[in-house]
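To start, the structure itself, in structure tokens.
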Number of protein chains: 2
Amino acid sequence: MFTNALQELHALLPKHLIDTCVEIAAPKGTCLFTSGEKPTHMFFIVTGEVVLERPGLQGAPVILQRTRRGFMSEASLKSPSYHCHGQVVADSKIVRVPIRALREALDTDTAFSGRWITMLNKEVRRLRLQCERLSLTKVQARLLHLLETEGESGAYPIGAGIKSMAGELGVTHEALYRCIYAMEKDGALTRGDGFLRLSPRV
Amino acid sequence: MFTNALQELHALLPKHLIDTCVEIAAPKGTCLFTSGEKPTHMFFIVTGEVVLERPGLQGAPVILQRTRRGFMSEASLKSPSYHCHGQVVADSKIVRVPIRALREALDTDTAFSGRWITMLNKEVRRLRLQCERLSLTKVQARLLHLLETEGESGAYPIGAGIKSMAGELGVTHEALYRCIYAMEKDGALTRGDGFLRLSPRV
DNA sequence: CGTACTTTTGAATCGCATCAAATCTGGTGG
DNA sequence: CCACCAGATTTGATGCGATTCAAAAGTACG
């Protein structure tokens, strides 16, 4: 649809909101927000990678969302406080939109709120796919599901590394490495240019 | 917030939309819609239980969502076709809202679209929790997570049975039975009245 | 060159899926 | 009222696959 993430943002937001946006460079390791904090901005990822995470019940952080493009934590639009951390895991370019102006625009501009609802619908569907994926028991099944549903004709960017992918898939990085290796050996998969590519079915 | 699901619906929808709603009784086994079909209505579950499911890659159906109250498949609002099945798994009372009127109301009534966005935000958060839950590896951890996040102070309705719960948790029913039994024996859990109850920490 | 991190390989263990079967349950019809 | 059936529930045994712990090799960066 859009070759460029910024185009997408411009198509979504009304013009007067765009003027209030600030583009920031967020190096890996930056914390955009932490749990409990009051949201003042919405973050739109242009390039790079950001994860939403929560300290897990047993200690290990759980990744709730991994975003390489698009809004992060849309759900916090009307929340008085964040319920998770926003952590930058790869050098990123991010557009910051003041949340108050955004809320006002949503209240007055019906065309905009329609587009916003469309975006949320997309996110809901994406999350349902992720749930479906996580309910698969085998690593290979999850990886195939990821490549088939999120990849562009079977090509999926590795992004911030296999470890980060493993987290998103809900498996250990060792298991994912072994799975990728086995599938490469089978010829079901190739790796290169920072992409995983499904081999076309013969 | 609302003791009654219908109150919730009335608070959400504008009055003129309520008049277009039809309440239907859907016995267990009813299929509300199937994949590929064009959405003409939105379904609001008043009582009972409905699941969104998709035929899994390996055959076994995958449960994407289990709703006992509230809108089902909100994400299909603007979709030309459903991407999953809506299956009634317990005798249910359901309100059917014509999707066209709903769309028109969202386009013109900003207060309503604001409430709709709030609802979608809640759904996004719920789905993220589900992802978090499914990324836990042990059955007991998933069950605890479910009771802690979705239960009312640790009490969670079993609803349409353990098998249905097992599907939602992404585990086999045998594993869940065994887990519940073990936790009951430990005194961490009690069962009764169709509820699972977490024992208060001593 | 050293440090920190990712990637990779190895081996042991454990929990869950799987298959099988018995029991229990509610509902139906004779 | 009982026989019967379909489904849910429960228990048992087995094997696989992922986790886990450990450690080596590779890589980026100052």
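Throughout, a chain's letter reflects where its sequence line sits, starting with A, and its residues are numbered from 1.
- Computed from coordinates, the A:Leu143 CG to D:dG17 P distance equals 16 Å when rounded to whole Å.
- Closest contact between the side chain of A:Glu174 and the listed nucleotides C:dC16, D:dT9, D:dA22 involves D:dA22.
- With hydrogens and angles left out, the side-chain atoms of B:Arg125 and A:Ser79 include a donor and acceptor closer than 3.5 Å.
- Put simply, CG on A:Leu196 is 11 Å from P on C:dT7, counting in whole angstrom units.
- Of the candidate nucleotides C:dG10, D:dT10, C:dA17, D:dT10 has the atom lying nearest to any side-chain atom of B:Tyr177.
- Within the 4.0 Å cut-off from OP1 or OP2 of C:dT8, at least one side-chain nitrogen or oxygen of A:Arg191 is found.
- Atom CD in A:Glu184 sits roughly 13 Å away from atom P in C:dT7 (whole-Å rounding).
- Under a cutoff of 6.0 Å and an axis angle of 45°, A:Arg68 and A:Tyr156 form a cation-pi pair.
- Closest to the side chain of A:Tyr181, out of D:dA18, C:dT7, C:dT9, is C:dT9.
- Atom-to-atom, NZ of B:Lys185 to P of D:dT10 comes out at 15 Å; the value is rounded to the nearest Å.
- If you measure from atom CG of B:Leu176 to atom C1' of D:dT11, you get 15 Å, rounded to the nearest angstrom.
- The separation between B:Leu136 atom CG and C:dC16 atom P is 12 Å, rounded to whole Å.
- Look at B:Thr172 and you won't find any side-chain N or O under 4.0 angstrom from OP1 or OP2 of C:dC16.
- With the nearest nucleotide of DNA chain D identified for both A:Val171 and B:Ile162, B:Ile162 has the one nearer the 5' end.
- For the pair B:Lys163 NZ and D:dA8 C1', the computed distance is 6 Å after rounding to whole Å.
- Across the protein-nucleic acid pair, B:Asp91 atom CG and C:dG27 atom C1' stand 13 Å apart, rounded to whole Å.
- Taking only side-chain nitrogens and oxygens, A:Lys138 never comes nearer than 4.0 Å to OP1 or OP2 of D:dG17.
- Here A:Glu123 pairs with B:Arg128 in a salt bridge; the nearest charged N to carboxylate O distance falls below 4.0 Å.
- In this structure, A:Glu8 pairs ionically with A:Arg69, as a charged nitrogen and a carboxylate oxygen lie closer than 4.0 Å.
- In the set C:dT7, D:dT9, D:dA18, the nucleotide with an atom closest to the side chain of A:His173 is C:dT7.
- Residue A:Arg178 has its side chain nearest to D:dT19 when only D:dG12, D:dT10, D:dT19 are considered.
- B:Lys28 and B:Glu49 are not joined by a salt bridge, as no carboxylate oxygen comes within less than 4.0 angstrom of a charged side-chain nitrogen.
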